[in-house]
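I have placed the structure first, in the form of structure tokens, so that the comments after it can refer back to it.
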Amino acid sequence: MKNLETILESLNEPQKQAVSHIEGPLMVIAGAGSGKTRVLTYRIAYMLAKGINPYQILALTFTNKAAAEMRERIFNLVGEASAKAVMMGTFHSVFYKILRIEGEKLGYSRNLTVYDTDDSKNLIKSIIKEMNLDPKVYAAGHVLNRISGAKSNLLSHIDYIKNPEIFAADNEAGKPLIGEIFSRYNERLRKSDAMDFDDLLYYMNVLLRDFPEMLHKYQNRYQYILVDEYQDTNFAQYLIIKKLSSSHHNICIVGDDAQSIYSFRGANIQNILNFKRDYPEAVTIKLEQNYRSTQNIVNAANAVIKCNKDQLFKEVWTENEEGNKINIFQTNSDSEEAQLVANTIFEYKQNFHVNNSQFALLYRTNAQSRALEESLIKRNIPYKIYGGLSFYKRKEIKDVIAYFRITINHFDEESLRRIINYPQRGIGQTTIEKVIVCANHHQVRIWNVIENPSKFGLDVNNPTKERLMEFVTKIKSFSALLTTTDAYELGKHIVVSVGILKELSEDKTDLDRKQNVEELLDSIKEFTEKEPESSFNESTGEIIDEYFPSLDRFLESVVLLTDEEDKEEAIQDRVKLMTIHSAKGLEFDYVFLTGLEENLFPSSMSLGSRAELEEERRLFYVAITRAKRSLTITHSLTRYRFGSLQFCEKSRFLNEIPVKYLNYTEKASMGKGIFSSHSSPSLFGDKSFSEVTRIRKKENAQIASERKMEVIGKEATIDQIVPSLVVFHDKFGFGEVKQIDGKGLETKAVVQFETVGTKTLLLKFAKLIIPDKK
DNA sequence: ATGGAGACCTTTTTT
DNA sequence: AGGTCTCCAT
């Protein structure tokens, strides 16, 4: 543990103030790249060094990624014991923990399930169906948005129905019954002993509002509260923080109004603008020195954000070098755009010593990643896509998790519906509908009906009844093992005995799925082998709850995870691809920002109001400020969207960067990267612009034909494939055969690919090519 | 009850 | 283009 002086040593003046101002409200306005995370972590270290009990510190973040990073950095500063004792996590995960403990006061059990967005949507869909409403008029996504918005503003379904303005708005939109859906939705959640994401915040508020002893308990417990990314809080979050800190006012919020990009989720930028009103004695500190980026990048970003009307005054500056100008390239098509990016990375790597992981490719929408991926594979550049369809959202994983959930909570309706006939056991749609109607009619849970079909007069034939009861018996047998069998053993038992693994093994077209399930089991195993963390009474040290790595504990730990925890992350040197939203808080040496076109960025959805357009502009600001050394922006004249070719206009945002900070290349040839212009004049001496272009084109032609040569080879017969053989796959590129399983037409090969990692392939489909040796 | 063919809709962003 | 949903035939 460091002492107070050494903690402060490495900080600049405002950072020092922010770190050492511990008592009383503090607002830190942290410009991009100004060392925000550093301040937060050092502040916690400072508090601990001052002797503050780590159990009294609550640190809230928005994303799991941010929480993990903060935990790690504090860990390094102060050591494991103290770091673990600090309550640190996302809003949702922290309040979920509390609600599992206190939920009985609100009519929830300790086993309460959290519904993710898919679950919520599915539930809404079925309610809409049950109400005989037109699913086109009542689109589940839209209805959920309305409900979510209400909950984020702490409106109950009763408030919603009673509110004349809301009703008028819904009525005008032709959807007067959203309030009724809301009401039924809540009822079903309750019946399922489940909360949706918004409920975690909503019920935390209810707990603090209706139970004074709870308010007192948690105010007392958390004497020091830190909130990261405060500009992204919604009303529900804002009020929890306000209540918890009302007795001591030891609240430190850190944020940047210029980086508020989540208003679509109910984030209210006013929360940061109003902090002074809530805490008149609050101290405000601005962190304006940027340590991350070059002057060109900082200046360009400043110029862009100045176009917004709503903002707190702040002037970000840097002492870093001027740096290269921002390169902007226009291409003919999205695939050329992608190739230009890949080629530029390729050239960069050839000419300088740059690692793959120093590059980031950013885009507005996930759909844009595909073209980039293809061009990277062609160039044999390893990459990793962040976000998108995360591990826990994959079908096969959700199926397995659903079994876990139903084992822990029989009333979890969405899980039940998901797996009652998966793997198929002859319980079809008609039966399920009858069960639901029956359950609604008797005002009981679906589980109650299938547990005892005769009791509720369920109108299905006897074999079906038996199948239902067989299912119930099976689940009950799993539940019986919860306290005696650890998460891994039970998880494996479930997957095997239910036949999921067998089912997936039979699906020859997609062997990845089985692998994913196995990966899930591996991660459960890791969980069970982790060092036990028993909970104990903080003042006496008495162990209250002996740790046992049960399945419900495992589920608790992953239910709010959206990203796959990637263990190989640090080892693997790969180019990173992600949306701008998920890039927030991160930084990269070389950033490529693609698709700067009207209707894509800014998104066509955001053109309705100034506020929305300003949010898009903040998003652009976030994107620019991710870059440390170099920023390359591209826009394409055409792009495939929704399956057809569209013509695209250059984004208005590009005109907001003063020309003195940039190099613009119209009609860029896709082979010509940033070398052709000004970044690296020494490489080409005094050759003219067009000469360099010509050289580049020629080189690229050469490279391209070389690549072709490489790939030409014979398609391998099955018995030719042996371990350690280098092979080429049409989609995955080059790889090395690691292992062969099975015989004849069923032969499978485990191949380690250079760019996409390890895949198991069924050889009769894989069409592997053995490249000719040069 | 199941599976396949075709219609249909998507693309904002995340806990 | 690709996945999801619906409807129809078996």
Side-chain angles (χ1 to χ4, degrees), chain A residues 60-67 89-96 114-122 125 129 135-136 139-141 144-145 148 151-152 195-202 229 232-234 236-237 260-267 334-335 362-371 374 386-390 392-393 395 421-434 460-461 463-464 467 558-563 578-585 595 599-608 612 615-616 618-620 622-623 639-646:
Chain A
L60 296 169
T61 64
F62 264 83
T63 62
N64 293 302
K65 214 192 285 169
T90 64
F91 282 85
H92 291 85
S93 71
V94 167
F95 301 146
Y96 177 48
V114 177
Y115 274 13
D116 68 15
T117 308
D118 283 346
D119 297 324
S120 297
K121 259 192 208 158
N122 287 336
K125 259 183 218 159
K129 202 170 178 186
K136 288 195 184 93
L144 181 60
N145 275 344
S148 170
K151 287 183 177 178
S152 302
M195 291 190 185
D196 66 15
F197 283 140
D198 300 301
D199 283 339
L200 295 172
L201 307 175
Y202 180 88
E229 309 279 15
D232 288 334
T233 49
N234 63 30
Q237 290 162 324
S260 162
I261 55 174
Y262 283 109
S263 73
F264 69 90
R265 224 169 73 188
D334 47 356
S335 64
L362 307 183
Y363 34 81
R364 178 67 238 269
T365 65
N366 279 312
Q368 288 166 258
S369 67
R370 179 155 275 135
E374 277 168 20
Y386 291 77
L389 193 57
S390 83
Y392 291 102
K393 278 198 177 142
K395 184 193 171 298
N421 199 31
Y422 176 83
Q424 278 175 12
R425 49 174 75 87
I427 303 175
Q429 206 49 49
T430 335
T431 309
I432 295 169
E433 261 160 42
K434 279 182 190 164
V460 295
N461 56 30
T464 308
R467 284 194 287 261
V558 299
V559 67
L560 292 170
L561 285 189
T562 45
D563 313 315
M578 64 186 90
T579 64
I580 303 164
H581 279 87
S582 36
K584 186 161 121 167
N599 294 319
L600 181 59
F601 194 16
S603 156
S604 54
M605 312 294 286
S606 71
L607 302 177
E612 285 173 300
E615 175 143 319
E616 290 285 302
R618 291 193 293 270
L619 193 58
F620 186 45
V622 168
R639 182 176 297 279
Y640 275 94
R641 286 184 85 189
F642 311 113
S644 66
L645 191 66
Q646 301 195 339

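These numbers come from the heavy atoms of this one structure, side chains and all, not from hydrogens, waters or symmetry mates. Order of the sequence lines fixes the chain letters, A, B, ..., with proteins taken first and strands second; residue numbering starts at 1 for each chain.
- At whole-Å resolution of the value, CZ in F197(A) and C1' in dT15(B) are 5 Å apart.
- Taking atom CG of residue L60(A) and atom P of nucleotide dT15(B), one finds them 15 Å apart after rounding to whole Å.
- With dT15(B), dT14(B), dT11(B) as the candidates, the nucleotide lying closest to the side chain of F642(A) is dT11(B).
- Looking at which nucleotide of DNA chain B each of T431(A) and T579(A) is closest to, the 5′-most match is held by T431(A).
- Residues passing the side chain to side chain donor-acceptor pair (under 3.5 Å) test with D334(A): none are found, sequence neighbours excluded.
- Residue G89(A) comes nearest to A67(A) through the heavy atom pair CA-CB, 3.9 Å, listed as atom of the first residue, atom of the second, then distance.
- Among the nucleotides dT15(B), dA1(B), dT13(B), the one closest to the side chain of H581(A) is dT13(B).
- In this structure, NZ of K136(A) is placed 10 Å from C1' of dC9(B), rounded to the nearest angstrom.
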Check the interface with nucleotides 2-7 of chain B: list each N/O to N/O pair with the protein under 3.5 Å, or write none.
residue : atom : partner : partner atom : Å
dT2(B)  : OP1  : G426(A) : N            : 3.4
dT2(B)  : OP2  : N421(A) : ND2          : 3.1
dG3(B)  : OP2  : Q424(A) : NE2          : 2.8

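- Between N145(A) atom CG and dT14(B) atom C1' there is a gap of 12 Å when expressed in whole angstrom units.
- Between the side-chain ring of F264(A) and the base of dT13(B), a stacking contact exists by the 5.5 Å and 30° definition.
- For M605(A) and T90(A), each mapped to the nucleotide of DNA chain B holding its nearest heavy atom, the one lying further toward the 5' end belongs to M605(A).
- Nucleotides of DNA chain C with any atom under 4.0 Å from a heavy atom of chain A span, from 5' to 3', dA1(C) to dC5(C).
- Ring geometry for F91(A) against F62(A) counts as tilted: the plane angle lies between 30° and 60°, on a 0 to 90° scale.
- To the nearest whole angstrom, the two C1' atoms, one in dT6(C) and one in dT11(B), are 23 Å apart.
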